[in-house]
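Reviewing the structure listed below.
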Amino acid sequence: MLKKQFRIRKQKDFENVFSKGRYISEKFLTLKIVSNKLAFSRFGFIISNKVSKKAVERNRAKRLLRESIRLFQDSIKSQIDFVFIPKKEIIGKDFVEVNECVEKLLKRSGLLEK
RNA sequence: GUAAUAAGCUAGACAAUCGCCUGUUUAUUCAUGAGCGGGAGGAAAGUCCGAACACCCGUAUAAAAUUAUUUAUACGAAAUGGGUAGUUGCUAACGGCAACCGUUUCGAUUCGUUGAAAUAGGGAAAGUGCCACAGAGACUAUACUAUCUUGAGCAAUCAAGAGAAAGGUGAAAAGUUGAAUAGUGUUUCACAUUACUUUUGUAAUUUGAGGCUAUAUUCUUUCCUUGUCGGUGACGGCAAGUGAUGGUAAACCCUGCCUGGUGCAAGAACAAACUCUGGAAUUUUCAGAGAAAAAGUGGUUCGCAUGACCCUCUCAGCAAUGUUGGGGCUAGAUAGAUGAUUGUCGCUUCGGAUUUAUCCGAGGAACAGAAUUCGGCUUAUUGUUUAUUGCCUUU
RNA sequence: GGAGAGUUGACAGAGCGGUCGAAUGUACCGGUCUUGAAAACCGGAGGGCCCUCACGGGUCCCGGGGGUUCGAAUCCUCCACUCUCCG
């Protein structure tokens with residue numbers, strides 16, 4: 001789980017990412033990225049009611065994504081805002097599958113440091 | 001053994017590593033570290049009811065003021081609309097809960113009663129509406145078949161009228177149900193007498209037996225009214241009466257009771273400090289207009305976690321529930337915390353092995369996530385215990 | 001978090017408790033017209049299950065369950081789903 005500092009929380013920040021960012025998508029995940037002026041990277045997650053009507057399933061998906069990002073956090077370049085938008089298919093997936101998908105996305109974006 | 005219903009309990013446990021939100025103590029570079037703590041439910045859900053709480057509206061009173069208005073306190077009248085509906089009790093309140101009453105269904109019965117289940121259960125004897133199709137007629141009753149009387153006709157039949165017993169239609173047919181006795185009318189049969197007739201026979205009368213039946217009396221039964229007894233009451237028992245009322249109010253409506261409106265996105269403070277005009281004029285307050293700001297205005301803080309709270313005990317009560325004493329503090333996020341990966345043990349399914357209750361391997365563990373709080377209802381759902389009823393098997 | 005509206009055939013969309021499996025339009029099928037098509041005109045047809053070689057017949061279905069009523073798409077109630085609004 002990420003600290004509050006590293007999450008995107010403001011409406012304006014989300015709008016900024018949507019208007020200026022580029023996007024990459026994998027099986028059941030879409031990623032939007034844009035650079036920011038801070039010293040660190042920030043992450044946001046959007047899961048709408050259309051993904052699942054049950055709050056348990058939406059929270060579950062969000063927690064898995066955040067846990068996966070936490071593990072990659074040290075190797076990700078700074079000064080980037082990330083927004084993850086999962087699709088319906090994420091419901092029922094376990095941590096290993098989600099983690100693989102996140103890793104693929106980050107590699108394709110070229111923002112992973114070695 | 002199995003199924004249904006009702007009630008109760010439960011919602012795997014422990015440990016390790018890496019993380020998240022938060023209370024408090026402490027350190028300093030003042031937003032970070034360290035120490036000690038806390039961190040989802042029985043439904044947190046649906047938002048179907050109710051209450052607390054906050055603001056607004058209206059009314060009344062008081063003060064300032066006396067044209068308006070403002071502030072404070074108290075209350076929620078009337079109308080409309082909405083809700084609710086056996087009785088008594090419980091509750092902060094409820095459409096909730098408990099006990100009882102009535103009704104219905106099923107079963108048992110020694111026919112006196114009794115067990116189980118269900119129950120939105122005021123008023124149809126205040127008024128209005130509706131009752132399709134069928135049927136003669138569906139609420140100011142009516143007359144199709146059949147019956148009787150009168151008239152027309154050779155006859156078939158037609159017309160007018162009577163009465164309310166039967167048939168038929170329908171969910172429902174005019175109205176309490178059934179029985180006994182008396183009895184009027186009508187009709188069938190038998191015998192006898194009289195009249196007519198050649199005879200067979202026909203007509204009338206008496207008697208006997210049978211069918212249908214107006215009416216009367218008695219008994220029984222449903223409802224209603226009155227009286228009386230029991231019960232706080234719903235209601236029940238008994239007695240009397242020249243009493244007799246179709247269904248529908250989850251149709252309008254009537255009656256009793258409840259209800260002012262909006263919801264924590266309520267609302268308050270901070271950032272945010274000012275100028276001008278007008279009313280009153282000392283402060284203060286109200287209305288209107290304007291200006292200003294590093295950025296931020298969908299910001300931050302409060303509301304917001306001591307409560308109709310939880311555990312245990314005493315007493316009262318059939319129970320719901322109330323009460324006495326003791327102990328406890330038990331989530332508080334806001335793009336929204338409670339997660340990830342493992343190990344051991346427990347439960348359980350399948351397969352294999354044999355020592356027949358153990359081992360090995362592969363799995364499984366439901367419904368579901370706080371968002372102002374609480375009381376209910378409803379819906380979803382894992383395992384298990386008890387009770388009742390039904391069914392099957394064995395003794 | 002809170003407040004509301006709706007759900008009828010393949011699609012849209014009417015529908016007084018009775019004559020309603022249900023108006024009407026689009027789409028579909030057949031026919032007329034045409035060399036052929038379109039348009040126009042005429043006619044037809046909902047779905048599931050059961051019986052039937054077939055024709056045809058029976059029964060259930062207006063989002064789902066339960067109730068009121070002689071009778072429910074319509075009235076009441078409990079759910080499911082879809083959509084809208086509130087700083």
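Reckoned from all heavy atoms, side chains included, excluding hydrogens, waters and symmetry mates. So that the names make sense, note that chain A is the first sequence line, chain B the second, and so on, each numbered from 1.
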- Taking the same atom, C1', in A319(B) and in G336(B), what whole-Å distance lies between them? 46 Å
- Task: Using both distances under 3.5 Å as the test, list the Watson-Crick or G-U wobble partner of U381(B), or none.
- Result: none
- For Glu26(A), side-chain hydrogen bond (donor to acceptor under 3.5 Å, both in side chains) partners two or more places apart: Arg108(A)
- Note, Asp94(A) side chain near Glu97(A) side chain (heavy atom, < 4.5 Å): yes
- Residue pair Val102(A) / Leu65(A), side-chain heavy-atom distance below 4.5 Å: yes
- If you measure from the P atom in C350(B) to the same atom in U314(B), how many Å do you get, rounded? 49 Å
- side-chain contact (heavy atoms from CB on, under 4.5 Å) against Ser25(A), all qualifying residues, sequence neighbours excluded: Tyr23(A), Thr30(A)
- Query: Taking a pair as Watson-Crick or G-U wobble with both distances under 3.5 Å, which nucleotide is matched to U193(B)?
  - Reply: A204(B)
- Message: Is there a path of hydrophobic side-chain contacts, each under 4.5 Å between heavy atoms of I/L/V/M/F/W/Y residues, joining Phe82(A) to Phe72(A)?
- Response: yes
- Note on the structure: RNA chain B nearest-nucleotide lookup for Gly44(A) and Glu57(A): closer to the 5′ end is Gly44(A)
- Message: Is U8(C) syn or anti, taking syn as a glycosidic angle within 90° of 0?
- Response: anti
- Item | d(CG, Asn59(A); C1', A371(B)) in whole Å | 12 Å
- Query: Which whole number of Å gives the distance between the P atom of G127(B) and that of A141(B)?
  - Reply: 15 Å
- With rounding to whole Å, what would you report as the distance between U142(B) and G135(B) at their C1' atoms? 11 Å
- Message: Holding to side-chain contact (heavy atoms from CB on, under 4.5 Å), I want the full list of residues that pass it with Leu64(A), two or more places apart in sequence or in another chain.
- Response: Arg60(A), Phe95(A), Val98(A)
- Query: Which listed nucleotide (G369(B), G336(B), U341(B)) is nearest to the side chain of Phe95(A)?
  - Reply: U341(B)
- Message: Glu57(A): which residues meet the side-chain hydrogen bond (donor to acceptor under 3.5 Å, both in side chains) condition with it, sequence neighbours left out?
- Response: Ser52(A)
- How should the glycosidic conformation of G42(B) be described, syn or anti, under the criterion that syn lies within 90° of 0? syn
- Is it true that Lys107(A) and Glu103(A) have a side-chain N and a carboxylate O under 4.0 angstrom from each other? yes
- Message: For the CG atom of Leu106(A) and the OG atom of Ser68(A), what is their distance to the nearest 0.5 Å?
- Response: 7.5 Å
- Query: G112(B): syn or anti, with syn meaning chi within 90° of zero?
  - Reply: syn
- Counterpart base for A124(B), defined by Watson-Crick or G-U wobble contacts under 3.5 Å: none
- Send over the distance from Leu71(A) CG to G339(B) P, rounded to a whole Å. 16 Å
- Message: Given the structure, check if the side chain of Arg70(A) and the base of C18(B) hold any donor-acceptor pair shorter than 3.5 Å.
- Response: yes
- Given that both distances must come in under 3.5 Å, which nucleotide forms a Watson-Crick or G-U wobble pair with U68(C)? none
- Note on the structure: Pairing partner of U344(B), by Watson-Crick or G-U wobble and under 3.5 Å for both distances, is A13(B)
- Query: Which one is paired to A141(B), where only Watson-Crick or G-U wobble pairs with both distances under 3.5 angstrom count?
  - Reply: none
Below 3.5 Å is the cut-off: list the nitrogen or oxygen pairs between protein and nucleotides 79-84 of chain C, distance only.
from	atom 1	to	atom 2	distance (Å)
U82(C)	OP2	Lys53(A)	NZ	2.6

- Atom pair distance, as rounded to whole Å: CG in Leu64(A) and P in U338(B): 11 Å
- Message: Taking U301(B) as the reference, what is the distance to A271(B) when you measure between their P atoms (whole Å, please)?
- Response: 16 Å
- Task: Can you sort out the partners of Phe84(A) under ring pair (Phe, Tyr, Trp, His ring centres under 6.0 Å), two or more places apart, ordered by chain and number?
- Result: Phe45(A)
- How long is the line joining CG of Leu65(A) and P of G336(B), in whole Å? 12 Å
- Query: Should G168(B) form a Watson-Crick or G-U wobble pair with both distances under 3.5 Å, which nucleotide is its partner?
  - Reply: none
- Query: What distance, rounded to whole Å, do you find between the two P atoms, one in U103(B) and one in U321(B)?
  - Reply: 31 Å
- Task: To the nearest Å, give me how far apart NZ (Lys54(A)) and C1' (A366(B)) are.
- Result: 11 Å
- Note on the structure: Separation of A337(B) atom P from Arg66(A) atom CZ, nearest Å, is 5 Å
- To the nearest angstrom, how far is Glu67(A) atom CD from U17(B) atom P? 16 Å
- Task: Syn or anti for A27(B), please, going by whether the chi angle lies within 90° of 0.
- Result: anti
- On RNA chain B, nearest-nucleotide positions of Lys62(A) versus Ala55(A): which is more 5'? Lys62(A)
- Item | Whole-angstrom distance between A54(B) and G267(B), as gauged at atom C1' | 6 Å
- Query: Base, sugar-phosphate, or nothing for Ile46(A), non-hydrogen atoms under 4.0 angstrom?
  - Reply: base
- Judged by whether its glycosidic angle lies within 90° of 0, U32(C) is anti
- Note on the structure: U217(B) -> Watson-Crick or G-U wobble partner, both distances under 3.5 Å, gives A180(B)
- Interatomic distance at C1', G163(B) relative to C133(B), whole Å: 31 Å
- Item | Nucleotide U338(B), atom C1' - distance to CZ of Arg63(A) in whole Å | 6 Å
